[in-house]
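Some notes on the structure that comes next.
Chain letters run A, B, ... following the sequence lines, proteins first and then strands; every chain starts at 1.
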Number of protein chains: 2
Amino acid sequence: MQPDAIKRCLAGSGLRSTPQRYAVMAFLMKQAGHPTAVEIFEAVNRVDPRSSRATIYNNLRDLVHAGLVREVAVEGRAARFDAKGMRHHHFICDRCGNVEDVDWYDVPRPAAASLGRRVLRECELIFRGLCTRCAPRRVSR
Amino acid sequence: MQPDAIKRCLAGSGLRSTPQRYAVMAFLMKQAGHPTAVEIFEAVNRVDPRSSRATIYNNLRDLVHAGLVREVAVEGRAARFDAKGMRHHHFICDRCGNVEDVDWYDVPRPAAASLGRRVLRECELIFRGLCTRCAPRRVSR
DNA sequence: TGAACAGATTAGATTATATCTAATATGAAA
DNA sequence: TTTCATATTAGATATAATCTAATCTGTTCA
Ligand SMILES: [Mn+2]
Ligand SMILES: [Mn+2]
Ligand SMILES: [Zn+2]
Ligand SMILES: [Zn+2]
């Protein structure tokens, strides 16, 4: 991803391109996993310029609000974030809390009657179980 | 729900039936919504016996672990809980964070290939948007 | 029945996560 | 360049949840 593409991406959402905000977005785009705010804070501060903790949280909030970043709440753990690239679902490990991507496939929407006057924005499918590292090793014989 | 049914339900999961644990389970079963730990704490303590905050959290953890209660993580807010009665999906309001039930319907599982060696326990469908109270009123004419 | 004891409860301290404040700095439009 | 809405910052504060270690109690079984 070119630097200019990220800047245009931010501008297109009405967000000023600051070094701190750029760093968060660039990190999330090149990152395969689902880092927490603290992990992002540490990663972007390993190179200059330095961002404060408040700025990391502010920018994550703004990027999520702009629809460029997705926030994944995990029970009992810090929230995790990913840049919204290709659509995909999430698998959350019962044991270690890791969030992993699962190939996207279309999800049937609920019947209009069961939604009532609610305004539906998105359907999100979350899988739960044991991730590759936490699953019991296959029994050898 | 009879008191004995709840007690048998706890015993069936290997959990001792204490007044505090019983109170949490009974409250969640008669409750239509999705209260937070603090709301449960306040509700069960409006009648005796008094439960401490730690006990509310301990019991919620145990009940979730036993599969009797479901925990719903909401971004930026306290976790919410419901007793697992009839299967259903959840709608989470973007604006107020309220969690509401949506009639259950079967969800297609992902292709085995995209799961790899992960062990799938459940598929959870979460709808997001604006709840009835937060949705804009229909334009009158 | 009544020990015995694994499991449960408790108050309060502590940790983890996230937001707020208000002073200062800066991106980008004109 | 100047202007100013927007962004950043350090540190305080708020909120959510867990930990600790002393005490208590439900259930089992002799
Ligand atoms: Mn993802
Ligand atoms: Mn529910
Ligand atoms: Zn795992
Ligand atoms: Zn709402």
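- Note: CZ (A:Arg77) to C1' (D:dA16) measures 15 Å, nearest angstrom.
- Checking A:Asn98 against A:His34 by side-chain atom types alone, no donor-acceptor pair falls below 3.5 Å.
- Protein atom CD of A:Glu75 is 15 Å distant from nucleotide atom C1' of C:dT17, rounded to whole Å.
- Pairing each heavy atom of A:Cys93 with each of A:Leu130, the nearest pair is SG-CA, 4.0 Å.
- When all heavy atoms are compared, the tightest approach of A:Leu28 to A:Ile40 is CD2-CD1, 3.9 Å.
- Between B:Gly76 and B:Asp62, the one whose closest nucleotide on DNA chain C sits nearer the 5' end is B:Asp62.
- With hydrogens and angles ignored, the 3.5 Å screen pairs a side-chain donor or acceptor of B:His88 with a backbone N or O of B:Met86.
- Contact annotation: B:Asn58 does not reach the phosphate of D:dC19 (side-chain N/O to OP1 or OP2, under 4.0 Å).
- We find that CD of A:Glu39 is positioned 13 Å from C1' of C:dT17, with the value rounded to whole Å.
- Straight-line distance from the CD atom of A:Glu71 to the C1' atom of C:dT17: 11 Å, rounded to whole Å.
- If you measure from atom CZ of A:Phe41 to atom C1' of C:dT17, you get 14 Å, rounded to the nearest angstrom.
- B:Thr36 comes within 4.0 angstrom of nothing in the nucleic acid, heavy atoms only.
- Taking atom OH of residue A:Tyr22 and atom C1' of nucleotide C:dT26, one finds them 18 Å apart after rounding to whole Å.
- Distance from the side chain of A:Ala78 is smallest for C:dT17 among the nucleotides C:dT17, C:dA11, D:dA17.
- The residue among A:Arg50 and B:Phe81 whose nearest nucleotide of DNA chain D is located toward the 5' end is A:Arg50.
- In terms of phosphate contacts, A:Arg53 brings no side-chain nitrogen or oxygen within less than 4.0 Å of OP1 or OP2 of D:dA10.
- One atom, CZ of A:Arg61, and another, C1' of D:dT6, lie 12 Å apart when rounded to the nearest Å.
- In this structure, A:Ile56 atom CD1 and D:dG11 atom P are separated by 17 Å, rounded to whole Å.
- Looking at B:Arg50, its side chain does come within 3.5 Å of a backbone N or O of B:Asn45 through a donor-acceptor pair.
- For the OP1/OP2 pair of D:dT18 and a distance below 4.0 Å, the side-chain nitrogens and oxygens of B:Tyr57 include no atom meeting the criterion.
- Between the side chain of B:Glu42 and the backbone N or O of B:Glu39, no donor-acceptor pair lies under 3.5 Å.
- Cation-pi geometry between B:Arg118 and A:Phe91 is met: the NZ or CZ atom falls under 6.0 Å from the ring centre, inside 45° of the normal.
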Heavy atoms under 4.0 Å is the rule here; annotate nucleotides 24-30 of chain D 5' to 3' with B where the base is hit, S where only the sugar-phosphate is, and - elsewhere. -BBS---
